[in-house]
J.: 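Structure provided below as structure tokens; questions to follow.
Chain A is the first sequence line, chain B the second, and so forth, proteins listed ahead of strands; every chain is numbered from 1. Reckoned from all heavy atoms, side chains included, excluding hydrogens, waters and symmetry mates.
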Amino acid sequence: MGAAVFFGCAGIAFGPALALFLLTVAAEPLRVIVLVAGAFFWLVSLLLASLIWFVSVHLSDREDAKLQYGLLVFGAAVSVLLQEAFRFAYFKLLKKADEGLAMISEDGRSPISLRQMAYVSGLSFGIISGVFSVINILADSIGPGIVGIHGDSPYYFITSAFLTMALVLLHTFWGVIFFDACERRRYWCLGLVVASHLLASGLTFLNPWYEASLIPIFILTLLTGLWAFLTAGGSFRNVLKCLSCEQEDASRVMLYSALQVPFED
Amino acid sequence: MITFMNNSDSEEEPCNERTSLMSAESPPVPSYQDGLQASEAREAQAHRKRRTASSRSPNNTADGDLSDLGVPVRESALENEEEELTLKYGAKHVIMLFVPVTLCMIVVVATIKSVRFYTEKNGQLIYTPFSEDTPSVGQRLLNSVLNTIIMISVIVVMTVFLVLLYKYRCYKFIHGWLILSSLMLLFLFTYIYLGEVLKTYNVAMDYPTLFLVIWNFGAVGMICIHWKGPLQLQQAYLIMISALMALVFIKYLPEWSAWVILGAISIYDLMAVLCPKGPLRMLVETAQERNEPIFPALIYSSAMIWTVGMAKPDTTARRPSHQTWDAAEDGRENHRSPSHADSQISETRSPVPTHLIASVEEEESKGRGVKLGLGDFIFYSVLVGKAAATASGDWNTTLACFVAILIGLCLTLLLLAVFKKALPALPISITFGLVFYFSTDNLVRPFMDTLASHQLYI
């Protein structure tokens with residue numbers, strides 16, 4: 001307990017997110033704005049889901065524990081669906097913004113591509129979702145206490161941290177895949193993303209049986225990561241090229257003719 | 001207020017200002033969406049106004065050309081370039097404001113969460129005389145509304161007084177008041193803050209060291225804020241005094257009154273800036289007529305490049321207009337905190353408009369600065385600090401309010417880029433912040449807590 005657990009769990013949970021943020025997002029103002037707006041969209045979706053859950057709890061019998069657990073499951077499912085719905089809404093907004101930016105820019109191309117926005121929006125959903133899930137737990141871990149004194153698992157903090165890390169990465173990958181699927185109108189991809197989100201959330205219901213929840217979630221994360229990598233245009237060859245640090249050969253020749261009529265876009 | 005000015009100044013006033021956004025001398029940027037007629041008519045209006053206001057602005061070459069012609073004839077290439085310039089810097093401006101607002105909020109939240117003093121109830125300000133210790137909900141609500149009415153009327157009176165002072169050119173009075181209030185903030189409030197922090201961490205400090213630290217901090221702060229100093233040091237000082245002011249509000253405003261006051265101040269801001277006879281609007285117009293920088297008052301400046309030869313008349317530029325009132329004389333608080341029995345807690349407040357000023361630099365420089373009035377910082381931090389103080393130890397509420405305020409700021413800047421006229425900056429952020437506070441505290445918190453107790457993730 002104490003500072004060691006706090007820093008360790010915070011590092012596990014938010015290390016990848018922080019690294020991704022610092023390396024890829026922090027330098028570009030436009031990406032930071034996309035990040036904050038994505039967090040806002042996620043928050044609104046959570047608000048609506050909480051409202052639905054709250055209303056359903058108040059309309060139901062408080063004493064019945066099984067019913068309450070069922071309502072919680074229902075609330076979680078509704079929340080997942082709403083998150084994906086708001087991801088779609090955010091996609092629509094970003095698409096419009098992309099067109100607007102392209103229209104006003106000098107060379108007709110927007111300063112940020114839709115793919116970059118997909119990645120940043122996924123990251124934003126992941127960060128805010130992870131933060132909301134785990135920040136209170138982290139705050140509690142600083143103070144004194146004994147974990148699992150009433151028979152719960154003593155590994156609560158560390159497993160929460162790992163789950164949060166998986167969730168952050170999953171959201172990032174889902175963002176990339178989702179936007180690409182919407183762009184190319186591959187609705188089966190969309191359905192798969194929603195299904196995998198539901199699966200990930202459902203697997204956490206198996207806590208504290210961590211072998212059944214953590215390991216499949218991490219496998220899911222790896223698979224989704226691979227899928228996102230392929231969707232974003234990556235391939236084995238790209239990885240090799242990147243690792244070998246080859247220079248791109250400047251074998252292009254520019255032709256300029258003063259007699260040419262300029263292109264009409 | 002967001003205003004685009006051609007000369008930025010480092011003259012600041014330690015007072016909070018109302019917020020409104022305005023663009024006074026921004027280059028003409030037509031909207032690519034509207035029909036040409038509507039935009040031309042609008043630009044013509046803005047141009048005429050700008051022409052009278054900025055006859056000697058060296059920067060707005062476009063302005064100059066067009067004013068010669070007298071007719072807003074526009075080259076589309078120039079427009080497009082300027083529009084792209086505005087929007088290219090638009091995102092950068094947003095980030096240049098995100099960072100200081102975030103820093104101020106972090107300071108306030110960190111203090112609230114660690115130093116117990118600022119969450120203890122030790123009396124109320126004289127401006128909120130009605131106590132909220134009543135048993136019935138209706139009475140408490142009534143008291144908070146009455147407190148709000150008193151506070152807002154004080155602010156209105158002060159703003160009107162300020163506008164009158166500015167109109168009748170009582171610059172020396174304003175200047176003196178400014179110095180007094182910043183002295184108070186930099187020395188007295190810092191002393192109290194430092195004392196409380198040392199108490200919390202049980203660190204002993206002897207009086208000579210304390211005197212040295214406070215003296216250096218305060219003196220350098222006065223120089224940086226009122227005269228010249230490195231830009232980042234000035235920014236840091238402004239953030240610190242905004243945080244100090246926000247902490248005072250968080251401590252001394254009773255709970256419900258604080259929320260009602262936040263709501264009322266946004267509405268007041270909206271009216272003061274948009275109504276034709278609003279004090280802030282009149283202030284802005286007066287300053288434009290005189291071609292003076294609008295409120296070189298307590299303004300956070302984030303200029304990217306400072307050029308050396310800024311043609312700026314020294315004395316006229318230092319025209320801080322703000323007001324402070326001494327809460328000491330009339331501020332016989334009911335239960336003064338025993339540690340400050342000998343110190344008069346004078347409060348410095350100024351209902352001067354808070355504004356964002358993008359300073360358009362000389363023609364050689366490429367950078368543009370953005371200025372934000374400190375009242376914005378203060379009220380944003382009050383909202384987030386109150387959320388941190390009263391939301392049952394929950395961090396989710398604080399974070400939700402933080403995101404809401406940032407988004408409000410972003411939207412406000414977007415509206416500024418679209419409308420290019422005086423717009424208030426508080427309403428959107430405060431509305432989002434309030435909505436998110438109440439909904440997160442009452443709806444999201446039980447949901448997330450229940451999920452966390454079963455270790456479920458959504």
J.: Please tell me whether F74(A) and W53(A) form a close aromatic pair, meaning their ring centres lie under 6.0 Å apart.
T.: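 No, the ring of F74(A) stays outside the 6.0 Å limit from the ring of W53(A), centre to centre.
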J.: Select, from L163(A), V32(A), L206(A), the one with the greatest count of heavy-atom pairs under 4.5 Å involving chain B.
T.: L163(A)
J.: Below 4.5 Å from any heavy atom of chain B, which atoms of F132(A) appear? Answer side chain, backbone, both or neither.
T.: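 For F132(A), heavy atoms of backbone and side chain both lie under 4.5 Å from chain B.
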J.: Can you tell me which portion of L167(A) sits under 4.5 Å from chain B's heavy atoms? Options are side chain, backbone, both or neither.
T.: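 Side chain only.
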J.: Could you walk me through whether R87(A) and E84(A) pass the salt bridge (Lys or Arg N to Asp or Glu O under 4.0 Å) test, one step at a time?
T.: CA-CA 5 Å; R87(A) 206 197 292 270; E84(A) 297 303 326; 3.1 Å; yes
J.: Could you look at I458(B) and say if it's the side chain, the backbone, both or neither that has a heavy atom under 4.5 Å from chain A?
T.: both
J.: Which atoms of S160(A) are under 4.5 Å from chain B, going by heavy atoms: the side chain, the backbone, both sets, or neither?
T.: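 Both the backbone and the side chain of S160(A) come within 4.5 Å of chain B.
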J.: If I measure from the heavy atoms of chain B, does S153(A) come under 4.5 Å with its side chain, its backbone, both, or neither?
T.: neither
J.: Which answer fits L198(A), side chain, backbone, both or neither, if we ask what part of it has an atom under 4.5 Å from a heavy atom of chain B?
T.: neither
J.: For F40(A) and F432(B), I'd like to know if the aromatic rings sit close, meaning centre-to-centre distance below 6.0 Å.
T.: yes
J.: Given a strict heavy-atom distance threshold of 4.5 Å, which part of S213(A) is in contact with chain B: side chain, backbone, both, or neither?
T.: neither
J.: Does S201(A) offer a backbone N or O that forms a donor-acceptor pair with the side chain of Y457(B) under 3.5 Å?
T.: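 No, Y457(B) side chain to S201(A) backbone: no donor-acceptor pair under 3.5 Å.
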J.: I'd like to know if the side chain of T390(B) pairs up with that of Y437(B) as donor and acceptor (distance under 3.5 Å, no hydrogens or angles considered).
T.: yes
J.: Is N442(B) close to chain A through its backbone or its side chain, or both, or neither, when contacts mean heavy atoms under 4.5 Å?
T.: backbone
J.: What part of Y156(A) is in contact with chain B, defined as an atom under 4.5 angstrom from a non-hydrogen atom: side chain, backbone, both or neither?
T.: both
J.: Taking atom types as modelled, is there a side-chain donor on D394(B) or T397(B) under 3.5 Å from an acceptor on the other?
T.: yes
J.: What part of Q83(A) gets within 4.5 angstrom of chain B, counting heavy atoms only: side chain, backbone, both, or neither?
T.: side chain
J.: Could you look at Y210(A) and say if it's the side chain, the backbone, both or neither that has a heavy atom under 4.5 Å from chain B?
T.: side chain
J.: Run the side-chain contact (heavy atoms from CB on, under 4.5 Å) test on N396(B) and V131(A) for me, step by step, so that the C-alpha distance in whole Å, both residues' side-chain angles and the decisive distance to 0.1 Å come before the verdict.
T.: CA-CA 8 Å; N396(B) 289 346; V131(A) 164; 5.5 Å; no
J.: Tell me which of these, V44(A), T159(A), L30(A), L47(A), has more heavy-atom pairs under 4.5 Å with chain B than the rest.
T.: L47(A)
